[in-house]
> 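My questions will all concern the structure given below.
Order of appearance sets the numbers: ligands from 1, and atoms from 1 within every ligand. Values in this document were obtained by computation on a predicted structure and should not be read as measured data.
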Amino acid sequence: MLHNLFPSIFSQTSKPPLFEPGELQFWNDPHISKSMLEAHLDQTHDRASRRTAEIEKTVSHLTYSGFLKTGDRVLDLGCGPGLYSSRLCLEGVRVTGIDISRRSIDYARTQAEKEGLDIDYICADFFSIEYEETFDAVLQAYGEICTFSDEKRNILLSLIHRALKDRGFFIFDVSTRMLRMREGLQNRWYASEGGFWRPGRHLVLEEGFDYPENNTWLNQYIVADDDGTVKTYRLWLHDYSLETISKILEKNGFKVEQVWNSLSGESYREGGDWIAVAARKVQTDKEMNWK
Ligand SMILES: C[S@@+](CC[C@H](N)C(=O)[O-])C[C@H]1O[C@@H](n2cnc3c(N)ncnc32)[C@H](O)[C@@H]1O
């Protein structure tokens with residue numbers, strides 16, 4: 001019964017204003033969260049999480065290089081199914097993992113129980129964290145910071161800054177325009193009898209929009225159900241250069257300590273798809289004036 005959908009689809013195909021949200025029920029939609037968990041664990045692609053070998057390399061690199069040490073308290077922000085948290089715990093790091101996806105947190109907890117790992121997994125929105133000077137490091141892997149507008153990103157940076165102990169590290173990665181240009185804009189549609197978005201029959205119209213003046217990109221998915229319901233999902237991606245991310249960090253009370261082309265420690269060169277950063281918490285001018 002995929003009929004009479006055109007008016008509702010057409011109303012959603014125009015280029016939206018920057019960072020206008022799409023359907024809010026994404027991470028905890030019963031079907032999508034199941035597909036997402038499968039994607040996190042799938043070793044044939046790295047669309048939701050990086051593959052196991054790369055995650056293991058990252059944990060080795062961050063512990064070997066001394067950015068994360070045995071006994072450190074580390075906050076894994078947007079931990080998903082705990083792929084980094086569990087490996088860090090095995091290295092003697094005391095980990096708290098936060099994720100908004102109930103399904104991912106349930107999986108992470110079950111795995112930790114099975115493996116006898118003492119990890120504090122919390123299902124919450126990381127914009128609601130209220131930690132103060134608690135963690136030696138905050139890890140946010142796989143470009144999560146790129147998904148936020150400047151305003152929301154700065155709020156998150158201030159929450160991370162507050163959560164860190166003095167001189168603690170914020171370790172994360174951002175994508176660059178290079179990745180975006182290489183991947184290109186997707187413009188396609190397909191009909192499915194069941195897949196990532198829905199368990200039953202549906203149509204997907206995928207469209208990419210570029211906002212070059214803001215270094216931002218939108219992947220938009222319009223999903224039309226058999227019963228005529230149309231929902232629009234949006235994945236916003238703000239890319240950075242070393243210069244732009246360094247300035248933002250500086251304004252938000254961080255000093256870039258080291259950069260790489262990947263969290264697994266690939267040496268930095270300009271023109272890479274990713275920039276991984278270890279930024280140290282420094283006191284902001286405002287804090288200096290309080291003391
Ligand atoms: C790209 S995935 C990366 C997951 C994990 N860091 C990894 O690399 O395996 C982003 C994760 O952030 C979580 N997330 C997104 N927005 C969030 C929010 N506001 N609060 C907490 N978690 C959030 C998602 O549920 C998802 O697990």
> What protein heavy atom is closest to atom 20 (N) of ligand 1, reported as residue, atom name and distance in Å?
Phe126 N, 2.8 Å
> Compare every heavy atom of Gly195 with every heavy atom of Ser35, then report the nearest pair and how far apart it is.
OG-O, 4.0 Å
> Can you list the ligand 1 atoms lying under 4.0 Å from a non-hydrogen atom of Gly80?
27 (O)
> Which residue and atom name correspond to the protein heavy atom nearest atom 25 (O) of ligand 1, and how close is it?
Asp99 OD1, 2.6 Å
> Can you give each donor-acceptor pair under 3.5 Å made by side-chain atoms of residues 15-23, sequence neighbours left out, with the distance rounded to 0.1 Å?
{"from": "Lys15", "atom 1": "NZ", "to": "Asp210", "atom 2": "O", "distance (Å)": "2.8"}
{"from": "Glu20", "atom 1": "OE2", "to": "Arg234", "atom 2": "NH1", "distance (Å)": "3.4"}

> Hey, which atoms in ligand 1 end up nearer than 4.0 Å to a heavy atom of Tyr84?
7 (C), 8 (O), 9 (O)
> Assess the pair Phe127 and Phe148: is the distance between their ring centroids shorter than 6.0 Å?
yes
> How many angstroms lie between atom OG of Ser65 and atom CD1 of Ile171, to the nearest 0.5 angstrom?
7.5 Å
> Numbering the atoms of ligand 1 from 1, which are under 4.0 Å from a heavy atom of Ala48?
1 (C), 2 (S), 3 (C)
> Going by the closest heavy atom to atom 19 (N) of ligand 1, which one wins out of Ile55, Asp125, Leu235?
Asp125
> Does the pair Lys231 and Asp29 meet the rule for a salt bridge (charged side-chain N to carboxylate O under 4.0 Å, His left out), with working shown?
CA-CA 12 Å; Lys231 289 194 172 163; Asp29 173 277; 5.9 Å; no
> At a 4.0 Å threshold, what atoms of ligand 1 neighbour a non-hydrogen atom of Ala141?
3 (C), 6 (N), 8 (O)
> Looking only at heavy atoms, which two atoms of Gln43 and Arg51 are closest? And how far apart?
O-NE, 3.0 Å
> Which is closest to atom 5 (C) of ligand 1 by heavy-atom distance: Ala124, Ser33, Gly78, Ser49?
Gly78
> Name the option, out of Glu144, His40, Arg103, that contains the heavy atom nearest to atom 10 (C) of ligand 1.
Glu144
> For atom 22 (N) of ligand 1, what's the nearest protein heavy atom and its distance?
Ile100 N, 3.1 Å
> Do the charged groups of Arg198 and Asp225 touch, with an N to O distance under 4.0 Å?
yes
